[in-house]
Visitor: 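Please find one structure pasted underneath; my questions will follow.
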Amino acid sequence: MLSVSFFQRDPLTCSRELIGCELVWDDCAGIVVETEAYLAEGDEACHTFARKSAREFIQAHEAGAAYIYLNYGVHWLLNALIKGGSQDGFILIRAVQPTRGIELMQQRRKLSAITQLGDGPGKLTQAMNVRGLDHGTSLCSDPRRWFLLKGPQGEVMADKRIGISKAAHHMWRFLLKDSEFDSRKPSH
DNA sequence: ACACGGATACTA
DNA sequence: AGTATCCGTGTC
């Protein structure tokens, strides 16, 4: 399992290197195929820019903690806390390729198509049952929830982050090239 | 194209 | 209290 030290480095490096790792969450698991990096300082799209609670979260938690919040009042979104490297930040998990617990994911998503179980940040949390009460729990020490290093699964490419109005030009979205499980095709 | 829906942080 | 904003999804 990825240890705390993995998350104590530069957020952009962590975001890129999480691609190809397997996210294990209780009875379900999937290969991470898409992430986005958010920087705690100087990034207007990061929660720390407007939310006191996000800044306090960084203070109060160790690197590798799960930062989970409700988006648009509908979807839980899963992030990993990056802390203690050159700069702090968050990595948003945007898409996974299901590997374990697929039947459970199909039940929760009310869908059978494997490619649609985790091809979006809100979809994968629904499929894997990631909820608000898991906010703050560690992704480095909980025996049921961790990241597994699996080695390169293909070519990783960078693209602009999705769905944000501020600081939208940064190429801080990382995805597995040509994966059917990405939430969106790259823009160029 | 648009409805859905709640936490957070503002204003007063 | 009320309002603006927000890292999305499903269906119209």
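Every chain is numbered from 1, with letters handed out A, B, ... down the list of sequences.
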Visitor: Within the structure shown, what part of the strands sits under 4.0 Å from R109(A) by heavy-atom distance: base, sugar-phosphate, or nothing?
Guide: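 Here R109(A) touches the backbone only, sparing every base.
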
Visitor: How close or far is atom C1' of dG5(B) from atom OH of Y69(A), stated in whole angstroms?
Guide: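 Y69(A) atom OH is separated from dG5(B) atom C1' by 15 Å.
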
Visitor: Honestly curious: do W76(A) and V24(A) fall in one hydrophobic cluster under the side-chain, below-4.5 Å linking rule?
Guide: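 Looking at the clustering, V24(A) is in a separate group from W76(A).
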
Visitor: State, to 0.1 Å, how close A37(A) and L12(A) come at their nearest heavy-atom pair, and which atoms those are.
Guide: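 Smallest interatomic distance, heavy atoms only, reads CB-CD2, 3.6 Å.
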
Visitor: Looking at R55(A) and D88(A), does any basic side-chain N land under 4.0 Å from a carboxylate oxygen?
Guide: no

Visitor: Reading DNA chain C from 5' to 3', where do the contacts with chain A start and stop? Cut-off is 4.0 Å to heavy atoms.
Guide: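 Going 5' to 3' along DNA chain C, contacts run dC6(C) to dG10(C).
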
Visitor: For N71(A) and dA7(B), give me the distance from atom CG to atom P, rounded to whole Å.
Guide: 13 Å

Visitor: Scan S165(A) against the nucleic acid and name what it touches under 4.0 Å (heavy atoms): base, sugar-phosphate only, or nothing.
Guide: sugar-phosphate

Visitor: Counting the atoms with a prime plus P, OP1 and OP2 as sugar-phosphate, which does I162(A) contact under 4.0 Å by heavy atoms, base, sugar-phosphate, or nothing?
Guide: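 Result for I162(A) = sugar-phosphate.
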
Visitor: Strictly below 4.0 Å, heavy-atom distances to any atom of DNA chain B: list the hits from residues 27-57 of chain A, or just say none.
Guide: A50(A), R51(A), K52(A), S53(A)

Visitor: Would E17(A) and R9(A) pass as an ion pair if we require N to O under 4.0 Å?
Guide: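 Looking at E17(A) and R9(A), the cut-off is met.
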
Visitor: Going from CD1 on I19(A) to OG1 on T35(A), what distance comes out if it is rounded to the nearest 0.5 angstrom?
Guide: 4.0 Å

Visitor: Determine the sole option in F7(A), Y38(A), F57(A) for which the ring-ring contact (aromatic ring centres under 6.0 Å, His included) test with Y67(A) is passed.
Guide: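 Exactly one candidate clears the test, F57(A).
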
Visitor: Are L117(A) and L104(A) connected in the hydrophobic side-chain network, where two residues link if heavy atoms are under 4.5 Å apart?
Guide: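 Each belongs to a different hydrophobic cluster.
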
Visitor: When you match F90(A) and K123(A) each to their closest nucleotide on DNA chain C, which lands nearer the 5' end?
Guide: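 Whichever sits nearer the 5' end wins; that is F90(A).
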
Visitor: With nearest nucleotide decided by heavy atoms, which residue, L111(A) or I164(A), maps closer to the 5′ end of DNA chain C?
Guide: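 That would be I164(A).
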
Visitor: Should R145(A) and D134(A) count as an ion pair when the cut-off is N to O under 4.0 Å?
Guide: yes

Visitor: When the distance from CG of L77(A) to P of dA7(B) is rounded to whole Å, what number comes out?
Guide: 15 Å

Visitor: Paired with dT9(C): which nucleotide, if any, by Watson-Crick or G-U wobble criteria at under 3.5 Å for both distances?
Guide: dA3(B)

Visitor: Applying the Watson-Crick and G-U wobble criteria at under 3.5 Å, what pairs with dC10(B)? Answer none if nothing qualifies.
Guide: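 With both distances under 3.5 Å, dC10(B) matches dG2(C).
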
Visitor: Could you check whether E34(A) pairs with R173(A) (Lys NZ or Arg NE/NH1/NH2 to Asp/Glu carboxylate O, under 4.0 Å)?
Guide: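 Yes, this pair counts.
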
